[in-house]
Amino acid sequence: MSEVNKKVQNRLEDIIIEEDFEQMLEESFKSDEEATTQGIIVAIKGNEVFVNVGQKSEGILAVEEIQNEKGEFIFKEGDTLEVAIVGSRGGRSLLSHKKALRKQKVKEFIDNYKDSESIFDVKIIGKNRGGFVAIDENGVEFFLPKSQSNFKDSNNIINKIFKVKIIKIDKEAQSIVVSRKKIVDEERRKRKEIISNVLNQEEIIEGVVKKITTYGMFVDVGGVDGLVHYSEISYKGPVNPSSLYNEGDKVPVKVIKYDKDKKHLSLSIKLAMPDPWDEIKDGLEVGDTIKVTVSNIEPYGAFVDLGNDIEGFLHISEISWDKNAKNPKDYISEGQDLDVEVIEINAKERRLRVSLKNLLAKPFDEFLKSHKVGDVVKGSITSVTNFGAFVKIANLEGLLHNEDASWSRNDKCKDMYKIGDVVEVKIIKLDKENQKISLSTKELQKSPVQVYAQKHQVNDIVSGKIRDIKDFGIFVELEDEVDALIHKEDLGNIDFSSLKIGDTIEALIVFIDEKKNRIRLSVKSLAKMKEREALNEINDNDKVTLGDIIKDQLS
């Protein structure tokens with residue numbers, strides 16, 4: 001706006017204000033006929049005080065007007081006091097001692113008034129048709145016209161304090177007119193200029209922290225407050241502002257944006273600082289070992305500080321080789337310095353992941369140094385499942401499968417053990433590739449076949465009941481927990497389709513594996529053996545008869 005336009009605008013405002021005063025002053029002051037005079041208290045009756053003010057009838061004054069805060073009378077009958085005539089009722093004047101005192105203070109204020117530009121606080125104490133009645137800290141009364149109030153909602157302003165400036169004094173009416181609108185308009189103009197200057201600033205601006213909240217900080221930049229959201233404070237990510245700054249601290253900021261509708265200025269501290277990711281993106285690689293400090297621990301992992309406003313994430317699975325790690329605090333603590341390995345770095349997405357366990361000796365490798373297949377060790381049950389139980393041995397867990405827990409096909413780990421039980425097991429497999437340990441308890445006991453083999457051997461003829469029929473043959477139960485297999489091709493002349501579970505069958509033992517608890521039978525081999533025995537018997541009989549014949553012939 002040009003200087004000429006500004007002068008025209010100011011003159012228009014003055015004309016409007018003068019027109020307002022003609023109306024507002026007439027309504028607010030003169031219409032009330034608030035003349036002041038001296039009166040003598042004639043009587044005090046109930047809530048009313050009757051005062052002689054030189055009229056035909058005594059005026060009426062509210063009793064609280066002559067009482068102090070404790071309810072004690074400060075005047076008595078016969079005393080003279082200053083009163084203002086503020087209205088009438090039933091032919092009697094309505095009086096106010098307090099109003100008279102305020103009018104006296106107004107007169108004194110006007111007589112001593114010099115500073116036409118001063119801004120001061122007033123408290124709204126009442127309303128009328130033209131505007132609002134206000135007083136300052138000294139009890140001086142002012143009139144705030146509606147047109148100069150700039151109140152969006154005037155229903156809830158009584159006893160509230162606002163800043164105003166004097167725009168007219170009427171010595172004849174002994175009244176002072178003030179404006180809040182002038183101050184608000186001036187503040188808006190100044191704010192607009194400041195914001196315009198701030199928005200045009202491309203360089204870093206120095207601001208002062210005015211207020212700290214849970215979601216960020218309000219920073220004063222040249223008379224205007226802008227918000228630094230907690231995500232714009234550090235390159236680490238969202239941080240607690242109160243842990244880094246105090247009210248009154250000077251901070252460098254850069255403007256992000258300004259929302260004209262909401263009149264909201266957004267600032268950033270981190271954008272006013274060098275980007276640490278630019279420093280590390282070319283100097284740090286996956287596999288590098290770096291020193292960090294644990295800054296925050298969560299149930300799912302920990303955040304670690306590199307010391308340059310960059311935080312990395314250490315997931316709980318990367319803290320220890322223990323697969324059952326439940327809480328990072330069992331292994332690390334806040335403030336602890338650690339050496340970690342970089343396992344992922346993405347400067348574009350500002351993501352850094354690190355590992356602690358990669359720098360620790362692998363428990364499985366350590367286990368292999370002191371254990372081998374065939375070792376018998378003790379361990380404690382850590383968990384029981386439908387397929388077996390896990391046994392902890394030297395900080396590692398091995399699996400005791402159901403089929404390796406007992407020679408009985410019906411025994412299950414969940415029925416045999418509970419968590420915390422100490423068991424003796426044999427290591428039967430060490431899978432280096434998958435880092436798995438297989439355990440057995442049944443191999444520490446004699447198998448049913450071992451016991452059976454003490455009484456039976458290969459080529460013994462045995463009999464048992466068919467327990468199961470498969471496509472490849474049948475399983476025959478010889479004794480309790482002792483099964484033998486007859487392959488289909490070893491059934492000889494028996495019709496496979498005619499067999500059923502529970503049938504008794506006789507066969508020859510052809511194979512015994514005590515370690516694997518296996519026995520194989522053959523009906524076919526039994527038939528051949530019986531054929532040989534019959535043939536041998538016939539041959540033996542034939543030899544005797546022929547010898548006798550020859551002997552007879554020779555003789």
Side-chain angles (χ1 to χ4, degrees), residues 1-36 84 86 96 98-195 223-224 263:
M1 184 181 291
S2 67
E3 192 64 33
V4 173
N5 289 338
K6 285 183 178 178
K7 289 181 178 179
V8 171
Q9 180 68 25
N10 291 336
R11 181 55 188 153
L12 286 173
E13 289 181 358
D14 289 340
I15 292 171
I16 292 170
I17 291 170
E18 287 173 5
E19 291 177 350
D20 282 343
F21 293 156
E22 294 297 326
Q23 178 183 356
M24 301 308 172
L25 291 175
E26 184 70 24
E27 292 179 356
S28 176
F29 294 98
K30 294 179 181 178
S31 62
D32 289 338
E33 298 179 353
E34 295 171 343
T36 62
V86 296
S96 172
K98 293 181 179 178
K99 188 76 173 178
L101 294 179
R102 287 203 297 267
K103 289 187 74 66
Q104 181 62 36
K105 289 183 179 180
V106 168
K107 183 179 183 305
E108 292 174 0
F109 183 91
I110 292 174
D111 292 341
N112 297 301
Y113 178 68
K114 293 178 182 179
D115 189 359
S116 61
E117 294 298 322
S118 65
I119 296 173
F120 53 95
D121 291 332
V122 296
K123 180 168 71 172
I124 306 296
I125 62 170
K127 295 182 185 181
N128 56 40
R129 287 187 301 165
F132 308 91
V133 180
I135 59 172
D136 68 5
E137 60 181 1
N138 297 315
V140 179
E141 188 175 286
F142 302 89
F143 176 55
L144 175 62
K146 284 183 181 178
S147 61
Q148 293 298 314
S149 66
N150 204 61
F151 292 139
K152 291 182 180 179
D153 181 7
S154 61
N155 294 322
N156 190 28
I157 61 171
I158 300 299
N159 291 324
K160 290 190 176 179
I161 295 174
F162 301 94
K163 290 190 179 299
V164 295
K165 67 185 299 186
I166 296 172
I167 54 176
K168 187 160 184 174
I169 291 178
D170 190 328
K171 288 187 178 181
E172 182 182 348
Q174 291 291 293
S175 62
I176 310 167
V177 180
V178 294
S179 172
R180 177 174 175 266
K181 182 176 182 296
K182 282 272 189 181
I183 297 174
V184 173
D185 290 345
E186 182 64 17
E187 288 178 348
R188 284 174 179 167
R189 185 187 64 77
K190 288 182 179 179
R191 177 181 173 83
K192 194 173 181 180
E193 287 181 2
I194 293 171
I195 289 174
V224 176
K263 296 180 174 55

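The shown structure was predicted, so the numbers you read here are calculated from the model rather than taken from an experiment.
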Taking all atoms of both residues into account, what is the closest heavy-atom pair of [X] and [Y], and its distance?
| X | Y | value |
| --- | --- | --- |
| Lys165 | Ile183 | N-CD1, 3.6 Å |
| Ala84 | Ala100 | N-CB, 3.5 Å |
| Ser96 | Val86 | CB-CG1, 4.0 Å |
| Ala134 | Ile124 | CB-CD1, 4.0 Å |
| Ser179 | Leu144 | CA-CD1, 3.9 Å |
| Ile110 | Asp170 | CD1-O, 4.3 Å |

Would you please test Lys182 and Glu186 for side chain to side chain contact (heavy atoms under 4.5 Å, CB included) and show each step?
CA-CA 6 Å; Lys182 282 272 189 181; Glu186 182 64 17; over 6 Å; no

Roughly how far, to the nearest 0.5 Å, is [atom2] of [Y] from [atom1] of [X]?
| X | Y | atom1 | atom2 | value |
| --- | --- | --- | --- | --- |
| Lys146 | Asn128 | NZ | CG | 8.0 Å |
| Asp185 | Arg180 | CG | CZ | 10.0 Å |
| Lys105 | Asp136 | NZ | CG | 8.5 Å |
| Phe151 | Phe132 | CZ | CZ | 5.5 Å |
| Glu187 | Lys163 | CD | NZ | 8.5 Å |

Is there side-chain contact between [X] and [Y], with at least one heavy-atom pair below 4.5 Å?
| X | Y | value |
| --- | --- | --- |
| Val184 | Lys181 | no |
| Ile157 | Phe162 | yes |
| Glu137 | Phe120 | no |

So, Asp153 side chain and Asn155 main chain: donor-acceptor pair closer than 3.5 Å or not?
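Such a contact is found between Asp153 side chain and Asn155 backbone.
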
Just wondering, more than 12 heavy atoms not from Asn156 lying within 6.0 Å of its CG?
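Atom CG in Asn156 is not crowded, with 12 or fewer foreign heavy atoms closer than 6.0 Å.
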
Could you check Ile135, Val140, Asn138, Thr36 and say which one makes a side chain to side chain contact (heavy atoms under 4.5 Å, CB included) with Arg102?
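So, applying the side chain to side chain contact (heavy atoms under 4.5 Å, CB included) to Arg102 and each of Ile135, Val140, Asn138, Thr36, only Ile135 qualifies.
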
Plane angle bin for Phe142 and Phe109 - parallel if under 30°, tilted between 30 and 60°, otherwise perpendicular:
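Perpendicular, since the angle between the ring planes exceeds 60°.
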
Evaluate side chain to side chain contact (heavy atoms under 4.5 Å, CB included) for Tyr113 paired with Ile176, printing each intermediate quantity in order.
CA-CA 11 Å; Tyr113 178 68; Ile176 310 167; over 6 Å; no

So among Lys99, Lys123, Lys103, which one has a salt bridge (charged side-chain N to carboxylate O under 4.0 Å, His left out) with Glu141?
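By the salt bridge (charged side-chain N to carboxylate O under 4.0 Å, His left out) criterion, Glu141 pairs with just one of Lys99, Lys123, Lys103: Lys99.
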
Regarding Asp111 and Lys107, does a basic nitrogen lie under 4.0 Å from an acidic carboxylate oxygen?
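Result for this pair is yes, salt bridge flagged.
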
